[in-house]
Protein chains: 4
Amino acid sequence: MTEHRSGPVRSAAAREAILSATARLLVDEGWDRLTIEGIARAAGVGKQTIYRWWASKGALVAECLLDGRFFAVEPAVGDTGELLRDLRDWLTPVLHFLNTTTGRSLLHSLVAAATEEAGVGAHLSDAFGADRLLADRLRAAVATGELPPGTPVDQLGHAVFGALIFEVLSKDEIDVPAFLDLVGFLLGPRPAAGEPETPGSPAEPA
Amino acid sequence: MTEHRSGPVRSAAAREAILSATARLLVDEGWDRLTIEGIARAAGVGKQTIYRWWASKGALVAECLLDGRFFAVEPAVGDTGELLRDLRDWLTPVLHFLNTTTGRSLLHSLVAAATEEAGVGAHLSDAFGADRLLADRLRAAVATGELPPGTPVDQLGHAVFGALIFEVLSKDEIDVPAFLDLVGFLLGPRPAAGEPETPGSPAEPA
Amino acid sequence: MTEHRSGPVRSAAAREAILSATARLLVDEGWDRLTIEGIARAAGVGKQTIYRWWASKGALVAECLLDGRFFAVEPAVGDTGELLRDLRDWLTPVLHFLNTTTGRSLLHSLVAAATEEAGVGAHLSDAFGADRLLADRLRAAVATGELPPGTPVDQLGHAVFGALIFEVLSKDEIDVPAFLDLVGFLLGPRPAAGEPETPGSPAEPA
Amino acid sequence: MTEHRSGPVRSAAAREAILSATARLLVDEGWDRLTIEGIARAAGVGKQTIYRWWASKGALVAECLLDGRFFAVEPAVGDTGELLRDLRDWLTPVLHFLNTTTGRSLLHSLVAAATEEAGVGAHLSDAFGADRLLADRLRAAVATGELPPGTPVDQLGHAVFGALIFEVLSKDEIDVPAFLDLVGFLLGPRPAAGEPETPGSPAEPA
DNA sequence: GGCTAAACGAGACGGTACGTCTGGTCTTCAA
DNA sequence: TTGAAGACCAGACGTACCGTCTCGTTTAGCC
């Protein structure tokens with residue numbers, strides 16, 4: 001049974017103006033210069049209207065993220081049958097975007113938001129495409145045998161995205177070829193570690 | 001040629017009080033509640049004394065990081081000859097620490113600091129031990145043939161740390177066994193892709 | 001009595017609830033803490049219902065004043081034939097009431113309301129009783145010759161009330177005997193100012 | 001021995017700017033539209049600088065009052081030997097000022113301030129001149145015998161001022177001649193009450 | 001030992017933003 | 001059609017910090 005109440009209903013126009021102002025200001029100004037007052041001003045809205053519906057600026061950013069207001073990601077990772085080639089093709093433009101001022105500062109802002117608001121972190125990799133797109137391609141690779149069965153597909157996506165975040169946070173610029181090499185190493189084929197003759201599998205002693 | 005001038009010299013007591021107050025307050029209050037005024041108050045110091053020597057609260061945190069005021073890391077990753085066992089032994093207590101309230105919020109705070117201050121990001125993985133300790137052990141593994149020659153050792157360390165950061169930011173709690181499995185997959189032996197039919201696949205797990 | 005016709009009607013209950021909440025809140029909280037929202041809440045009424053019928057909180061207070069919702073004044077000033085004695089008997093309890101917290105703050109509130117709303121000022125002295133009761137007794141005194149003919153009776157009432165207001169606004173407490181003495185001086189008999197022999201009246205030279 | 005403290009000293013420029021903005025805004029906008037933010041804006045000052053030194057907007061107005069920032073009162077009531085004539089000469093321009101928009105709203109504002117801040121009420125009549133100037137003239141009248149000995153001089157000044165306040169609060173406009181008549185009645189000679197039959201009643205007007 | 005100058009503690013200053021509260025208007029729904 | 005409920009824009013409240021700028025004191029070389 002739905003709760004019935006008299007009175008006006010939430011304004012869709014205000015919601016839209018607030019979220020779109022939030023997304024624009026986060027990109028333009030960055031997380032630490034993003035303020036509720038600034039959003040209200042830019043959206044032509046009273047502050048109370050924001051506080052009525054969102055608990056913090058982090059919650060606003062999380063909702064923008066879910067709405068896909070930051071990235072226009074490639075709809076899917078291609079599938080030529082060669083996993084690494086497909087990943088490189090998909091990752092390369094992403095890495096170059098993250099080497100632009102806008103891209104860098106957007107990622108910085110989103111990570112900063114994630115440190116304050118659990119909801120942002122929870123959806124970060126998905127908004128980025130890692131959860132859906134990348135994991136789907138990895139699953140396909142498992143199906144064709146390019147990756148071994150039992151591969152922790154979702155975790156792998158997170159690891160690649162985590163490495164990416166760390167690269168952006170810790171360096172001035174992503175070294176694109178080096179990053180692609182890393183992905184190649186992480187996901188590519190690899191011999192059983194130099195001691196193929198050793199009877200016991202070295203990775204699982206007991 | 002040193003510049004000679006009269007007058008008092010930088011107070012070591014003030015520097016120590018400031019850095020130790022910074023480290024304590026970051027752990028206790030978190031990055032966003034860490035304020036210059038609060039540090040000055042806690043350190044019994046004038047604000048100007050802070051601004052004279054550090055450019056921002058990020059710079060303060062970066063210096064604390066370099067001084068190793070946050071972590072007491074294991075001096076080295078053990079070397080039993082089995083890479084994955086050594087990594088697990090080293091990582092397990094770290095992961096459990098990051099599942100405590102203190103550990104979680106400390107990592108959140110440091111990541112937040114890194115989004116604002118390049119210096120923090122630059123030294124984050126090193127302070128954590130990933131650069132020195134982990135990479136050293138990986139290098140040893142390359143030398144003994146546990147890892148193939150040409151393994152991007154430093155990048156691998158960053159990838160593991162990046163995955164860790166992402167795990168903390170995006171989930172309520174690190175799933176320790178799953179994370180150890182991921183590391184096993186990332187660094188462990190793996191059959192050459194694209195030849196799933198190869199009869200004598202050396203490390204086919206199932 | 002049940003309402004037995006379709007369609008709502010101007011609610012007398014709402015009017016009563018609003019005015020009684022206004023009076024109670026003005027006494028309890030004071031003028032500056034009296035808010036339309038608070039009245040609506042206390043009366044169980046929508047804000048618009050108040051704005052529909054009254055222009056401001058001042059108008060509400062003015063109507064409460066006219067309804068006599070603040071004072072329960074002595075019905076009349078006694079008439080023993082001695083004006084000053086009667087005035088003292090009537091004024092004394094009033095002055096003591098104005099020395100209580102409630103009385104003080106009520107007068108403060110009403111004066112504050114009067115500064116914002118002409119209607120409050122216009123009826124303040126009347127609601128207090130000065131216009132009707134006091135002036136009636138003064139008129140009687142003129143009739144008996146206790147006061148000279150031509151005495152500005154209404155103005156005198158206002159002057160006494162004005163002195164009272166000023167006393168409350170400017171001091172922590174009314175000095176009751178001193179105030180009664182003042183009234184005695186203002187209304188009592190007085191010789192023609194030290195020069196009884198002077199033929200021309202000193203007060204009106206031309 | 002004065003209290004010594006290091007650090008900067010209170011800014012006289014800020015104090016002056018704040019008080020002068022307060023006085024101007026109170027006159028221009030009125031008490032209820034006077035805001036701390038508006039004062040800070042007009043004075044080119046941070047809000048905290050106001051809150052540091054004054055507890056409320058009432059305290060600001062009280063200090064303006066003490067500084068004589070509202071009235072430019074006649075330095076003294078004239079003394080021609082005829083009390084009522086002197087009072088009329090002094091009061092007439094004051095009454096006309098209080099019949100202007102500015103004068104009316106200034107008095108309204110000051111009375112409103114007095115209802116919230118004891119300090120304003122305490123100095124209101126003095127700033128107006130009633131305490132010093134009027135009382136001085138009344139004292140002189142007692143000395144020359146124009147007023148009887150024992151006349152409550154200070155209280156009389158307050159009564160006149162109170163009547164004035166009440167007149168402004170309760171009417172649209174002061175009736176200047178009627179008010180002067182009232183003052184004439186309050187302070188002028190008057191026959192002894194209770195002896196209306198006395199034949200040689202010295203100052204029987206009609 | 002006096003002089004000079006920097007570093008220190010303290011904190012006032014002009015500001016920005018916070019999160020809360022109220023004002024007055026406008027919208028929806030129930031009776 | 002009235003009235004309750006309450007969302008809306010607007011903006012003031014008092015607080016917390018920002019980064020800069022005095023102050024008066026303390027201390028370290030140099031004459």
Query raised in the report: Do C/E116 and D/R33 pass the salt bridge (Lys or Arg N to Asp or Glu O under 4.0 Å) test, and can you show the C-alpha distance, the side-chain angles, and the key distance before you say yes or no?
Result: CA-CA 11 Å; C/E116 287 191 16; D/R33 296 238 278 262; over 6 Å; no
Report task. Please check if atom CZ in D/R52 has more than 12 non-hydrogen atoms from other residues, nucleotides or ligands closer than 6.0 Å. Result -> yes
**Report entry** Any donor-acceptor pair under 3.5 Å from A/K57 side chain to A/T22 backbone
**Finding:** no
Report summary line: Rounded to whole Å, CD1 of D/I39 lies from P of E/dG14 at a distance of 14 Å
Requested in this report: Specify the residue among A/V9 and D/L34 whose closest nucleotide of DNA chain F lies further upstream toward the 5′ end.
Outcome: A/V9
Query - Derivation and outcome, side-chain contact (heavy atoms from CB on, under 4.5 Å), residues D/T115 and C/W31 - result: CA-CA 9 Å; D/T115 63; C/W31 168 257; 5.8 Å; no
Report summary line: Bend of the helix from E/dG1-F/dC31 to E/dA31-F/dT1 from end-axis comparison, five pairs per end, nearest 10°, comes to 10°
Query raised in the report: Should C/V45 and C/I39 be marked as a side-chain contact (heavy atoms from CB on, under 4.5 Å) after you check the CA-CA gap, both sets of side-chain angles, and the distance that decides it?
Result: CA-CA 8 Å; C/V45 139; C/I39 294 168; over 6 Å; no
Requested in this report: May I ask you to test the A/V120-B/L169 pair for a side-chain heavy-atom distance under 4.5 Å?
Outcome: no
Requested in this report: Could you state the atom-to-atom distance from CZ of B/R15 to C1' of E/dA7 in whole Å?
Outcome: 16 Å
Query raised in the report: Of B/R33 and C/E37, whose nearest nucleotide on DNA chain F comes first from the 5' end?
Result: C/E37
Query raised in the report: Sub-3.5 Å donor-acceptor pair from the side chain of A/R104 to the main-chain atoms of A/D172, do we have one?
Result: yes
Requested in this report: Kindly confirm or rule out a cation-pi arrangement of A/R10 over A/W53, judged by NZ or CZ under 6.0 Å from the six-membered ring centre and within 45° of its axis?
Outcome: yes
Report task. Please check the phosphate of F/dC9 (OP1 and OP2 only) for any side-chain N or O of A/R41 closer than 4.0 Å. Result -> no
Requested in this report: Let me know the distance between CH2 of C/W31 and P of E/dT22, rounded to the nearest Å.
Outcome: 15 Å
Requested in this report: Have a look at C/G38 and say if it touches a base, only the backbone sugar-phosphate, or nothing, with a 4.0 Å heavy-atom cut-off.
Outcome: nothing
Query - Length of the line joining C/I36:CD1 and F/dA4:C1', which is rounded to integer Å - result: 16 Å
Report task. Whole angstrom is fine here: how far is it from CZ in B/R10 over to P in F/dA28? Result -> 16 Å
Query raised in the report: Among residues 45-58 of chain A, which residues get a heavy atom nearer than 4.0 Å to DNA chain E?
Result: A/K47, A/Q48, A/Y51
Report task. Whole angstrom is fine here: how far is it from CG in D/D32 over to C1' in F/dC13? Result -> 16 Å
Report task. Evaluate side-chain contact (heavy atoms from CB on, under 4.5 Å) for D/V61 paired with D/E117, printing each intermediate quantity in order. Result -> CA-CA 9 Å; D/V61 170; D/E117 185 80 14; over 6 Å; no
